[in-house]
Amino acid sequence: MSRLFDVIVDLPEGITVVPVFSADKAEALEAGKELFPAHRVTVVLKEGEPGT
């Protein structure tokens with residue numbers, strides 16, 4: 001089952017948050033690193049969404 005994670009990225013123009021559906025935190029982190037190479041990336045599970 002996929003969960004909704006927020007990928008938080010530190011870009012030169014500021015912090016941005018991108019929602020990502022993945023099976024687990026490691027997979028979401030890998031997706032964030034692929035989307036934003038050479039930037040600091042962290043992941044948090046988005047809580048309070050329907051179905052969680």
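Count residues from 1 along the sequence. What you see is a predicted model; the values in this text were computed from it and never measured.
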Got [X] and [Y] here, is their nearest side-chain heavy-atom distance under 4.5 Å?
X: Pro19; Y: Phe5; answer: no
X: Pro12; Y: His39; answer: yes
X: Leu45; Y: Lys25; answer: no

### Message
For the CG atom of Leu11 and the CZ atom of Arg40, what is their distance to the nearest 0.5 Å?
### Response
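If we round to the nearest 0.5 Å, Leu11:CG and Arg40:CZ are 10.5 Å apart.
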
### Query
If you round to the nearest 0.5 Å, how far is CD of Glu34 from CG of Leu29?
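Here the rounded value is 10.5 Å.
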
### Query
If every non-hydrogen atom of Ala28 is compared with every non-hydrogen atom of Val7, which pair is closest and at what distance?
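Shortest heavy-atom contact: O-CG2, 3.9 Å.
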
### Task
Establish whether Val17 and Leu35 are linked, either directly or via other cluster members, by ILVMFWY side-chain heavy-atom contacts under 4.5 Å.
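Val17 and Leu35: separate clusters.
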
### Query
Would a distance-only check, ignoring hydrogens and angles, find a side-chain to backbone donor-acceptor pair under 3.5 Å from Glu27 to Ala23?
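Such a contact is found between Glu27 side chain and Ala23 backbone.
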
### Query
In this structure, which one of Ile8, Val9, Asp6, Asp10 forms a side chain to side chain contact (heavy atoms under 4.5 Å, CB included) with Thr42?
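So the option named by the test is Ile8.
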
